[in-house]
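Nothing here was measured: the structure is a model prediction, and the numbers come from that model. The sequence lines fix the lettering, A, B, ..., with proteins before strands; numbering per chain opens at 1.
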Amino acid sequence: MSVTKTYSAKDVESKWYAHWLEKNYFHSEPDDREAYTIVIPPPNVTGVLHMGHMLNNTIQDILIRKARLDGKNACWVPGTDHASIATEAKVVKKLREQGIKKSDLTREEFMKHAFAWKEEYGGIILKQLQELGASCDWERTRFTMEPSLYDAVIKVFVNLHKKGQLYRGLRMTNWDPAAQTVLSNEEVIHTEENKNLYHVRYKVVGTDDEYITVATSRPETIPADTALAVHPDDPRYAKYHGRKVIVPIANREVPIITDDYVALDFGTGALKITPAHDMNDNALGEKYGLEVIDLLNADGTLNENAIEFVGMDRDDARVEFVKLLKKTGDLLETKQYRTSVGRSERTNAVVEPRLTMQWFLKMDDMAATALRAVESGDVKFHPESMVNMYRSWLKPENARDWPISRQLWWGQRIPAWYYNDNVFVAETAEEALLQAQRKLPLENLTLADLKQDEDVLDTWFSSWLWPISVFDGFKDTKELEYYYPTNDLVTGWDIMFFWVARMVMAGYEFAPELLGEDFVKKNGKMPFKNVYFTGMVRDEKRQKMSKSKGNSPNALELLKTYGADGVRFGMLSSAAAGNDIVFDAPMVDGKVLDQSELCNQGKKFCNKIFNANRLIQSFEVTDSLPNPTAMLAAKWLEAKLNHTIVEVDRMLAEYRVNEAMMTLYKFIWGDFCSWYLEAIKPGEGEAISQQTYEATISAFERMMTLLHPFMPFITEEVWHDLRDRKEGEDCVVSSWPKAATYNADIVKSFTLLQDTVSSIRDIRNQRKVGKREPLALYVNQSASSEQLLGANAGAVEFLRKAGALKSVELTTEAPANALPFLIGNDKAYLVLNEIIDVEAENAKINEEISRLEGQLKGVTKKLANERFVANAPDAVVALEKKKMADWTAKVESLRAMLG
RNA sequence: GGUCGAUUAGCUCAGUUGGUUUAGAGCGUUGCAUUGACAUUGCAGAGGUCACAGGUUCGAGCCCUGUAUCGACCA
């Protein structure tokens, strides 16, 4: 028996993790077993472990450990993505601190710095996952910028270009002036912010003092105005239709156009139209053939088209323009209003709508395919309701082409070479040159004449290939054939479109080419069969936990404070699939306190298991026959355990992971510790029979295996304590227990005994009779009571022990000074060593009778209803009849108790 | 503004195609207990007119309609 009374997670966890690694249990190689595969959602290489990762990876670990225990060839592939914008920003910042400007470096020099940065910081998050217990196959760790995965991206780009699915175009894009790159819609975060709405007057051409006043939040773009728009039905402006206005400052004439896009009730009902700097204005510009004047540089400063304040940042320029407009008298009013402002997810800079030349991937066909994959059930979502969100992303009217180029260096450089307006897409420069030489009527064309695209590809353009590329599937399909399609994907719904949908697209696009039609016909094209969506982790105020808000506890501190098992339990106990979890992590000045109720529950559970083990280890064992109570308890435990296995299997099959865990929690704590161990616990100086001991160990070790996926460390520790284990015998690679058929009657009758004990304890509580005072119990003699107390050898002894009784006897008449209660439908009497207030007791019984009669009335009414009897299924009617019989018997028993 | 979702005990949530009692769990809370596995404990209790109003049905927490509140996503 362990000397300490409390479980210490720290030593246990590091000991077993090292052991598992040493035994290489997490490594997978293709063999003839069934594969079970998960690819990790690759965290940003810049990332550190946060609550979202912990939740997500705990669930993956549960699934993979369960599969391993099921005897499958479990393979969990870890890795990171290169996170182009975030990483490049970090590298640039670090270089700046060293006095190096990115603009002073060549592309190659910069990449060297970036890879050096990755080598130094890139593995942090993976190390942290080990602290959590994640059983990833670390030998398979991949990185989206490593050569093989880089090549995959290039191959895919060339492939899609050949198929005509890629094109290059000038488009209104979301421009991040800080990172100086285009962003996809999904990388722009819209939030409500306070802004000013300026009312500026535009003089109508051909009048002396007639003006139209527009409302704008961006006066600095006035020099880029190329029209003024009003609603066609707006009577205020009807007389100006077809005329022109003079743009202030620029003193240019522009047309007044009418379109019902203009909101009558917003601002003044008149809009200035700047096609180069607003998405909607751009659409109007195309519709009406307006001129496009671009006045912004890539870094957000004004170019020479701005006339005034050239070179000034757009925000400063706005202030200056307002001053200028005030001076000219054209600014009439300034109003505050709240509006949605788009900021870059990565740099937080206000995003500029900007016309840029970008590569796009056509989405219409792919989106339709990806939608069908989920709607047909080839890819299943858990919870199912997430399909709605998926559909709203992918339905034809919402599917937009994917801008895949990014104006950065850290990423896969676009394999396109240009010669004037000619584009040559190829895997290598040499191939591009060959293409050029064939196509262009030029002699002596060399590599030096071709210019490679300066841009790199969106990070998601690497990670959408992840389920294929981690197995080097674009190079050699040997592993892909074994592991593809992967089984489960666990991720947050916030990247359902970014990542999940696009992986589905990539799977359907490339699996048939890579693996062949026969293969996909048999196994499917999908990259994974199931997607488990986790919720967001929020704090007590329901705010999403994030580093920037400072409401997210330091993950490593959390693990240290409660142990990995404790944190895993705490997080999971409130995490139903897809539901956000409200996590309590009390902190002071960012330091984790040990007051998380959720995690403490997990920590206490570890301690409970630890002490159950201590108790069992302390038993003295003899060869004698087990006593009847222990035999009864063991039979019941075995039945209840098998019942629990059935339940847990069912819940896991339905991805109700937290319910499976809570079922085990209740079983281990309530049934095993509180009832079973108390029932078999020998008295002082007594021993336990070998047979009971063996039954106990056998059940307990199965419990440890069942709980292992959820709480891997303590279960491994205890599992080893229970028996002498040979080299290579470990809980992590033991076998998931199979539910045996069990006797449901034993569970039923034992439950009745438990209810009896609870009734006795309740009466003691109410009467303030301590359990040191042994009481006598009489049970009315009947077929059912004889069955319960006679046939189940050990039942009487069990009641005596658990209820602290001095005797249990069957009787035909009510003893004096006894408090009556029901065991099932049988009358029972607990004799107290005091005078009973008969009237008060009768009142209580009458209360119970009237409660039952109320229920009976409902049932009687139901059964009297011909339409119920005619329409309801037979089983339901039979049930109602049984209820009536049961309650009638109960009422009769209670009536007989009235003294 | 558009779309989707939610509303069940103090808190966090189950409630699986409408039928198992007058709705469950965990935590918390209240009372009692306790020198031997565990106070990181044990036992027991209290606590809900399932947001509201209609409707469908023999039967509604569950289906339909409307209202309110909240949330998310998109614009």
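Atom NZ of A:K666 and atom C1' of B:G26 are 7 Å apart (whole Å). In this structure, the CG atom of A:N600 is 10 Å from the P atom of B:U40, given to the nearest Å. In this entry the distance linking NZ of A:K395 with C1' of B:C73 reads 12 Å, nearest Å. One can place CD1 of A:I763 at 11 Å from P of B:G45, the figure rounded to the nearest angstrom. Nucleotide B:G42 holds its P atom 17 Å from the NZ atom of A:K801, rounded to whole Å. For the pair A:F605 CZ and B:U40 P, the interatomic distance rounds to 18 Å; values are reported in whole Å. Between A:L598 atom CG and B:C13 atom C1' there is a gap of 11 Å when expressed in whole angstrom units. The nearest whole Å value for the distance from the NZ atom in A:K604 to the C1' atom in B:G42 is 13 Å.
Under the Watson-Crick and G-U wobble criteria, each requiring two contacts below 3.5 Å, nucleotide B:G26 is paired to B:C11. In a base pair of the Watson-Crick type (N1 to N3 plus N6-O4 or O6-N4) or a G-U wobble (N1-O2 and O6-N3), with each distance short of 3.5 Å, B:G47 is matched with no nucleotide. Across all strands shown, B:A53 forms a Watson-Crick or G-U wobble pair with B:U65, both key distances being under 3.5 Å. Shown here, B:A33 forms a base pair with B:U41; the pair counts as Watson-Crick or G-U wobble because both key distances fall under 3.5 Å. Across all strands shown, B:C58 forms a Watson-Crick or G-U wobble pair, both distances under 3.5 Å, with B:G19. Pairing for B:G1 is with B:C74, a Watson-Crick or G-U wobble pair whose two hydrogen-bonding atom distances lie under 3.5 Å.
B:C4 and B:C50 have their P atoms separated by 28 Å, given to the nearest Å. Annotation: B:G59 and B:G1 have their C1' atoms spaced 42 Å apart (nearest Å). Spacing of P atoms, B:C27 relative to B:C64, comes out at 35 Å, to the nearest Å. B:C13 and B:A72 have their P atoms separated by 14 Å, with the value rounded to a whole Å. The gap from the C1' atom of B:G15 to that of B:U7 amounts to 15 Å, rounded to the nearest Å. As rounded to the nearest Å, B:U41 and B:U35 have C1' atoms that lie 14 Å from one another. Here, B:G26 and B:G45 have their P atoms 13 Å apart, quoted to the whole Å. For the P atom pair drawn from B:A44 and B:G28, the interatomic distance equals 16 Å after rounding to whole Å.
For A:R761 and A:W675, the positive end sits near the middle of the six-membered ring, less than 6.0 Å away and at most 45° from its axis.
Nearest to the side chain of A:E678, among B:C58, B:G15, B:C38, sits B:C38. Distance from the side chain of A:N607 is smallest to B:C38 among B:A37, B:C58, B:C38. Comparing B:C73, B:G26, B:A37 by their closest approach to the side chain of A:A612 singles out B:A37. In this structure, the nucleotide among B:A14, B:A72, B:G42 sitting nearest to the side chain of A:E659 is B:A14. Comparing B:A37, B:C58, B:G28 by their closest approach to the side chain of A:L615 singles out B:A37. Closest to the side chain of A:Q601, from the set B:G19, B:U16, B:C27, is B:C27.
Salt-bridge check for A:R895 with A:E853: passed, with a basic side-chain N closer than 4.0 Å to an acidic carboxylate O. In this structure, A:K604 does not pair ionically with A:E597, as no charged nitrogen and carboxylate oxygen lie closer than 4.0 Å.
With RNA chain B read from its 5' end, the first of the two nearest nucleotides for A:K603 and A:R761 is the one closest to A:K603. Map A:S674 and A:Q855 each onto its nearest nucleotide of RNA chain B; the residue landing nearer the 5' end is A:Q855.
Considering only side-chain N and O atoms, A:S758 lies under 4.0 angstrom from the phosphate OP1 or OP2 of B:A44. For B:A37, neither phosphate oxygen OP1 nor OP2 lies less than 4.0 angstrom from any side-chain nitrogen or oxygen of A:R614. Close to B:C38, at under 4.0 Å from its OP1 or OP2, lies a side-chain N or O of A:K5. At the phosphate of B:C43, neither OP1 nor OP2 sits under 4.0 Å from any side-chain N or O atom of A:K768. When the side-chain nitrogen and oxygen atoms of A:K681 are compared with OP1 and OP2 of B:A37, one or more of them lie within a distance under 4.0 Å. In this structure, A:W669 reaches the B:G42 phosphate: one of its side-chain N or O atoms is under 4.0 Å from OP1 or OP2. The phosphate of B:A75 has OP1 or OP2 within less than 4.0 Å of a side-chain N or O from A:R400. The side chain of A:N388 contributes an N or O atom lying less than 4.0 Å from OP1 or OP2 of B:G5. At least one side-chain nitrogen or oxygen of A:Y665 sits closer than 4.0 Å to the OP1 or OP2 atom of B:C27.
Residue contacts for A:C673: at a heavy-atom cut-off of 4.0 Å it reaches a base atom on one of the strands shown. As judged by a 4.0 angstrom heavy-atom cut-off over every strand, A:N865 is placed among residues touching the sugar-phosphate backbone only. Backbone-only engagement by A:K883 is indicated by non-hydrogen atom pairs under 4.0 Å involving sugar-phosphate atoms exclusively. Nucleic acid contact for A:N765: base, since at least one base atom lies under 4.0 Å from a heavy atom of the residue. Nucleic acid contact class of A:M389 (heavy atoms, under 4.0 Å, all strands): none.
Around NZ of A:K771, the count of heavy atoms belonging to other residues, nucleotides or ligands within 6.0 Å does not exceed 12.
In this structure, A:S689 contributes its side chain and A:T692 its backbone to a donor-acceptor pair below 3.5 Å.
With hydrogens and angles left out, the side chain of A:R656 and the base of B:U16 share a donor-acceptor pair within 3.5 Å.
With sequence neighbours excluded, the residues forming a side chain to side chain contact (heavy atoms under 4.5 Å, CB included) with A:H643 are A:K640, A:E647, A:Y742, listed by chain and number.
For the residue pair A:E375/A:Y390, the side-chain donor-acceptor check at 3.5 Å is not satisfied. Checked by atom type, the side-chain pair A:H231/A:D259 shows no donor-acceptor distance below 3.5 Å.
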Should A:L707 and A:I609 be marked as a side-chain contact (heavy atoms from CB on, under 4.5 Å) after you check the CA-CA gap, both sets of side-chain angles, and the distance that decides it? CA-CA 11 Å; A:L707 190 62; A:I609 295 168; 3.5 Å; yes
